[in-house]
Student: 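Okay, handing you the structure first.
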Amino acid sequence: MDDGFLQQYLSLFDEFDVLAAFWVNIQLTFFAGILALILGTLLATMRISPVPSLRWAGSTYVTLLRNTPLTIIMVFCVLGLWGQLGITLSPDFTTNFFRLAVVGLTVYHAAFVCEALRSGVNTVPVGQAEAARAIGLSFWPAARLVILPQAFRGSVAPLGNVLIALTKNSTVAAAASVAEASSLMRTMIEFRPDVIVAIFLTFALGFVLIVVPIGLATTSFSRRLTVAR
Amino acid sequence: MVDISAAPPAPTDTTSDALVELRGVDKHFGALHVLQHIDLTVRRGEVVVIIGPSGSGKSTLCRTINRLETIDSGTIALDGVPLPAEGRALARLRADVGMVFQSFNLFAHMTVLQNVVLGQVKAKGVKPSAAKKIAIDLLDRVGVRDQADKLPAQLSGGQQQRVAIARALAMQPKVMLFDEPTSALDPEMINEVLDVMVGLARDGMTMIVVTHEMGFARKAANRVVFMDGGQIVEEADPETFFTAPKSDRARDFLSKILTH
């Protein structure tokens, strides 16, 4: 790389706000991550519940959402929820699209959170549930106090994988017209084809820098939280 | 085997009322008829030991009494009230039936103290401070008070099983079920658990115990129930059963387990 190239490359950051674009991805990941965790926990509880209709609803949801491409869900959120049904989540145009994208990311990843938690439930020996029932806890208290706390600890690693996927999938929010990293990248490539490879590498590196710590953190959490038996 | 030097408890007065009553209980696991028309009555304060070869249905029988196993036909009544099928009523009933498992099943993510407190607070609505006091007394009674703040995995098997007994007792059950409570223990830990159980029996707790510990059966039981092939083959007081079993199957079983 000669000086000319480096200057050209650095001039990108004056022209485009790369950090702000990544910040949008981090925000998408944060909100969708929390909501997906809540919805996914609810779905997992439904899927292990003794009520057949709840189990059916839970598994139908998972089958449907997990097997639909995220892009299609995202487009549906914008063109379907907003465009056709007129559902607005914020009077502000940009915020509305951001929130619709969060909804799309949430409903999709909740299905994966549910399955990660269910794998965690399978790490809890059946005797734990029997003991909970034997001291007079009915299903919901037993799930909340005995099964799920252990299931969460047993599913930190798979939940981490879902979070990593979610981080990278947040780029699909571009399909919902959210100005995030991948849409900025497309714009930059269009205007600055002279440094196209450098642009690619910048965004790739950006995601690596976000995702690697998530992986390290979840690995360390899963070791520390393991339930000793 | 087990050295419990006190005399066996006097058999309970036969006029005292039935606490657990099984009538014509049948259960199948697929094609296997695991419980065949079981009739069994356990009186208040009675200690009944169920023995028999593996696969004879004795554990299943024990587990039907708090409905961890459902039954196909027949009735099971506790204190005159038939077992409810599902829901809150069943949960309430289970709180009245203490259960001790072969594999302890202590809640692995909670401390010993929390294990004994949980059911009292969440199933019976006891105030946490009162529940904690009861728990500490019970842990003291089973001799593991100094382990209260440890996690189950940090305890020996014998200690874990004693905590499990304390956890069941904390619900102030009418009857205690023991499903092979010493089968998963190292030999040197068996006695510490049996001692606690003998103490309970002496205090008048109604107990149904599935076990291979013949020493316990001889010394603490009022009655021995011998099961084979899903049926109750023979019932007798321990002395009669061990010295003069009536059925061939019981004689055969005893000859196999008592020769070494």
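Each chain gets a letter, A, B and so on, in the order its sequence line appears, and its residues count up from 1.
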Student: In Å and rounded to the nearest 0.5 Å, what is the CE to CD1 distance from B:M99 to A:I135?
Tutor: 13.5 Å
Student: Does B:E188, at its CD atom, have more than 12 non-hydrogen atoms belonging to other residues, nucleotides or ligands within less than 6.0 Å?
Tutor: yes
Student: To the nearest 0.5 Å, what is the distance between CZ (B:R92) and OG (A:S138)?
Tutor: 10.0 Å
Student: Report the option among B:R167, B:H109, B:R67 that has the most heavy-atom pairs separated by less than 4.5 Å from atoms of chain A.
Tutor: B:H109
Student: Under 4.5 Å heavy-atom distance to chain B, tell me which part of A:A132 shows up: side chain, backbone, both or neither.
Tutor: both
Student: Counting only heavy atoms not in B:K122, do more than 12 sit closer than 6.0 Å to its NZ atom?
Tutor: no
Student: Out of A:V227, A:L225, A:L145, A:V124, which one racks up the most heavy-atom pairs below 4.5 Å with chain B?
Tutor: A:L145
Student: Output the option from B:A168, B:A153, B:A170 having the highest count of non-hydrogen pairs under 4.5 Å with chain A.
Tutor: B:A153
Student: Is B:A108 close to chain A through its backbone or its side chain, or both, or neither, when contacts mean heavy atoms under 4.5 Å?
Tutor: both
Student: Heavy-atom count check: over 12 atoms from other residues, nucleotides or ligands less than 6.0 Å from A:F200 CZ?
Tutor: no
Student: Sort B:L106 into side chain, backbone, both or neither according to what part of it lies under 4.5 angstrom from a heavy atom of chain A.
Tutor: backbone
Student: Does atom NZ (B:K174) have a neighbourhood of more than 12 heavy atoms from anything else shown, all under 6.0 Å?
Tutor: yes
Student: Are A:E130 and B:R63 side-chain neighbours, meaning at least one heavy-atom pair lies under 4.5 Å?
Tutor: yes
Student: Is A:V146 close to chain B through its backbone or its side chain, or both, or neither, when contacts mean heavy atoms under 4.5 Å?
Tutor: both
Student: More than 12 heavy atoms of other residues, nucleotides or ligands under 6.0 Å from CZ of A:F221: is that the case?
Tutor: no
Student: Would you mind checking which part of B:F101 comes under 4.5 Å of any heavy atom in chain A, side chain (CB onward), backbone (N, CA, C, O), both or neither?
Tutor: side chain
Student: Within the side chain of B:N66, is there an N or O that forms a donor-acceptor pair under 3.5 Å with the backbone of A:A134?
Tutor: no
